[in-house]
*Asks:* 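Mind looking over this structure? Questions follow.
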Protein chains: 2
Amino acid sequence: MQKYTNWYIFAMLFATNMSKAERTKQFIVEKTAPIFNVKGYAGTSVNDMMAATGLTKGSIYGNFRNKDDVALAAFDHNRKKVDQVVRREMEKEKSAKGKLMVYAKVYGNFYKDAFPEGGCPILNTAIEADDTHAVLREKAADAITGWKNNIAGIIQKGVANNEFSADVDPEQIAISIVALIEGGIMVAKVTGKLNYRTAIMKSVEKMINDLS
Amino acid sequence: MQKYTNWYIFAMLFATNMSKAERTKQFIVEKTAPIFNVKGYAGTSVNDMMAATGLTKGSIYGNFRNKDDVALAAFDHNRKKVDQVVRREMEKEKSAKGKLMVYAKVYGNFYKDAFPEGGCPILNTAIEADDTHAVLREKAADAITGWKNNIAGIIQKGVANNEFSADVDPEQIAISIVALIEGGIMVAKVTGKLNYRTAIMKSVEKMINDLS
DNA sequence: AATAAAATATACCGATTGGTATTATTTCAA
DNA sequence: TTGAAATAATACCAATCGGTATATTTTATT
């Protein structure tokens with residue numbers, strides 16, 4: 001009579017539930033992520049989220065506990081979007097210098113679609129959250145440190161195979177490249193001047209070239 | 001009978017009015033400026049402004065048309081605060097290199113009181129306002145460009161008296177120094193790591209040293 | 001097709017938002 | 001000291017805030 005064990009039924013229900021829930025959750029995140037990146041956390045209202053998704057409060061709050069949860073997921077989503085482009089472009093490069101130059105290219109806006117609306121989510125989140133939202137601030141800080149470690153690792157490999165000179169300080173250069181790029185994004189975005197961006201990216205390239 | 005002409009009475013009343021009004025306006029700006037710099041424009045409420053000043057709405061709205069006006073004045077105030085420290089320190093320096101190094105020193109946090117609570121107001125305002133508040137965005141953009149011009153002018157003088165080599169591009173270096181410093185402030189603030197800040201400021205110094 | 005559950009919509013909540021009109025108080029010249 | 005103007009405090013406004021409880025519709029399983 002009983003075709004399925006209780007365990008199986010439970011598992012299927014659970015799995016179905018999860019996959020559907022995850023689908024709508026993903027939908028909400030995708031639609032709200034650019035808004036959080038443009039208006040910021042404090043500037044984005046639940047009404048904005050409803051307008052962006054076409055869903056009602058009940059639907060949104062059925063999938064997320066509160067605005068915070070959506071904002072956190074939206075940041076992760078925005079970050080992943082940039083990361084994917086960087087990783088994809090970096091795989092094409094063999095040399096350490098080539099890999100480092102990917103950052104200058106991606107953040108120098110040669111790949112416009114790399115960034116979500118509103119610019120670099122790490123930068124935006126760092127500035128808004130550093131004094132007001134501990135969890136978001138730590139997420140932004142982790143992103144910075146991870147990025148720095150990534151660059152430092154590439155530099156170290158370049159030193160190891162004599163592509164770069166031995167007396168460079170990988171950590172110092174790595175965090176400086178991060179700062180220069182992020183500062184460049186801010187400057188270029190707020191002034192809207194393309195030549196500012198290209199000038200700063202030239203400095204990034206010089207910083208990389210000075211390694212060898 | 002009439003000791004004073006109508007014009008004189010009007011002038012005195014006007015002057016008195018202005019000076020008193022300016023005093024309370026100044027008070028409101030001074031007290032709210034750090035809050036705008038920490039919480040941002042969208043994150044700062046009229047209640048916050050009342051709490052910071054100890055004044056009521058009637059008093060605040062009697063001196064400012066709306067929240068916008070206070071925010072604009074607060075930005076100018078915060079900017080001036082940083083500018084004053086920079087200018088004061090720069091007067092002590094004679095050489096072009098010495099003058100440029102002032103930025104590394106001031107923004108490298110050797111003068112902690114130079115910045116209002118919340119960090120660099122130009123950076124904070126640029127990030128929040130670039131997509132949401134045209135007037136504030138332009139103020140931030142003007143600050144960036146003015147700062148860049150200031151640095152470029154110093155470099156040009158350094159080139160003119162052979163302190164720097166003739167083949168440097170003052171504009172390119174100037175905007176890059178701005179970007180590196182602002183990016184450095186963001187990185188240092190969000191991570192809280194002092195060694196990040198010192199590493200980045202070392203790169204600023206290198207950028208300046210490379211001029212000669 | 002029936003049913004249970006999951007997803008979404010509706011309607012509402014108290015609190016807070018930015019802002020205003022009015023009243024009370026302070027300031028200051030005459 | 002007084003009277004008028006300047007300033008600040010009070011009380012109130014509609015709108016919106018983030019969030020919740022309940023009702024309705026969709027979805028999936030047997």
Side-chain angles (χ1 to χ4, degrees), chain A residues 1-29 31-32 35-36 39-72 74 132-133, chain B residues 1-29 31-32 35-36 39-72 74 132-133:
Chain A
M1 198 60 53
Q2 201 173 14
K3 281 174 108 177
Y4 303 101
T5 64
N6 285 339
W7 178 88
Y8 182 85
I9 291 170
F10 174 79
M12 286 308 291
L13 284 172
F14 186 72
T16 307
N17 174 22
M18 286 307 280
S19 85
K20 182 64 194 307
E22 284 307 320
R23 264 206 302 148
T24 29
K25 279 186 88 162
Q26 179 68 13
F27 175 76
I28 292 169
V29 169
K31 293 294 185 184
T32 59
I35 301 180
F36 277 109
K39 295 190 165 189
Y41 171 74
T44 300
S45 70
V46 181
N47 263 355
D48 291 332
M49 293 158 60
M50 291 165 64
T53 56
L55 298 174
T56 55
K57 280 191 189 181
S59 182
I60 294 171
Y61 277 84
N63 288 289
F64 292 91
R65 280 186 307 164
N66 46 35
K67 203 177 87 166
D68 241 70
D69 270 18
V70 187
L72 262 38
T132 58
H133 196 300
Chain B
M1 198 60 51
Q2 201 173 13
K3 281 176 107 175
Y4 303 103
T5 65
N6 285 338
W7 177 85
Y8 181 86
I9 291 169
F10 174 78
M12 286 308 292
L13 284 171
F14 186 73
T16 308
N17 175 22
M18 286 308 282
S19 85
K20 181 65 195 306
E22 284 307 320
R23 265 207 301 147
T24 28
K25 278 186 90 163
Q26 179 66 14
F27 175 77
I28 292 169
V29 169
K31 293 294 184 184
T32 57
I35 302 180
F36 277 108
K39 293 189 166 190
Y41 171 75
T44 300
S45 69
V46 180
N47 264 355
D48 291 331
M49 293 157 58
M50 291 166 64
T53 57
L55 298 174
T56 56
K57 281 191 189 181
S59 182
I60 294 171
Y61 276 84
N63 288 288
F64 292 91
R65 280 187 309 166
N66 46 36
K67 202 177 87 166
D68 241 70
D69 270 19
V70 187
L72 261 38
T132 59
H133 196 300

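Throughout, protein chains are lettered first and strands after them, A, B, ... in sequence-line order, and every chain is numbered starting at 1. Predicted, not measured: the structure shown is a model, and the values here were computed from it.
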*Asks:* What residues, two or more places apart in sequence or in another chain, satisfy side-chain contact (heavy atoms from CB on, under 4.5 Å) together with B:S59?
*Replies:*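 For B:S59, the residues satisfying side-chain contact (heavy atoms from CB on, under 4.5 Å) (neighbours in sequence not counted) are B:L55, B:T56, B:N63.
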*Asks:* Test of understanding: with side chain to side chain donor-acceptor pair (under 3.5 Å), list the residues that count as partners of A:N47, not counting sequence neighbours.
*Replies:* none
*Asks:* Please enumerate all residues that pass side-chain contact (heavy atoms from CB on, under 4.5 Å) together with A:T44, with sequence neighbours excluded.
*Replies:*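 A:T44 satisfies side-chain contact (heavy atoms from CB on, under 4.5 Å) with A:I35, A:F36, A:K39, A:D48, A:M49 only.
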*Asks:* Extract from the structure each pairing of a protein N or O with an N or O of nucleotides 13-19 of chain C at less than 3.5 Å, listing the distance.
*Replies:*
from, atom 1, to, atom 2, distance (Å)
C:dT17, OP1, B:S45, OG, 3.3
C:dT17, OP2, B:N47, ND2, 2.9
C:dG18, OP1, B:T44, O, 3.3
C:dG18, OP1, B:K67, NZ, 2.9
C:dG18, OP2, B:V46, N, 2.7
C:dG18, N7, B:K57, NZ, 3.3
C:dG18, O6, B:K57, NZ, 3.4
C:dG19, OP2, B:Y61, OH, 2.6
C:dG19, OP2, B:K67, N, 3.1
C:dG19, N7, B:K57, NZ, 3.2
C:dG19, O6, B:K57, NZ, 2.2

*Asks:* Check the distance between C:dA9's C1' and A:M50's CE and give it to me in whole angstrom.
*Replies:*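 About 9 Å, once rounded to whole Å.
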*Asks:* Tell me the interatomic distance from A:F64, atom CZ, to D:dT20, atom P, rounded to whole angstroms.
*Replies:*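 That distance rounds to 15 Å.
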*Asks:* Grab the NZ-P distance between A:K25 and C:dA6 for me, whole Å please.
*Replies:*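 Spelled out: NZ on A:K25 to P on C:dA6 is 15 Å.
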*Asks:* Assign A:G58 to base, sugar-phosphate, or nothing according to its heavy-atom contacts below 4.0 angstrom with the strands shown.
*Replies:* base
*Asks:* Rounded to whole angstrom units, what separation is found between the CE atom of A:M49 and the C1' atom of C:dT8?
*Replies:*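 Answer to the nearest Å: 15 Å.
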*Asks:* For A:K67 versus A:A42, what's the shortest heavy-atom pair and its separation?
*Replies:*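 Residues A:K67 and A:A42, closest heavy atoms: NZ-O, 4.3 Å.
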*Asks:* Separation of B:L55 atom CG from D:dT10 atom P, in whole Å?
*Replies:*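 Atom CG in B:L55 sits about 12 Å away from atom P in D:dT10.
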*Asks:* Of all residues at least two apart in sequence or in a different chain, which pass the salt bridge (charged side-chain N to carboxylate O under 4.0 Å, His left out) check with B:D69?
*Replies:* B:R65
*Asks:* Give the minimum heavy-atom separation between A:Y41 and A:H133, together with the two atoms involved.
*Replies:* CE2-CD2, 4.0 Å
*Asks:* CD1 of B:I28 versus C1' of D:dA8: gap in Å, rounded?
*Replies:* 10 Å
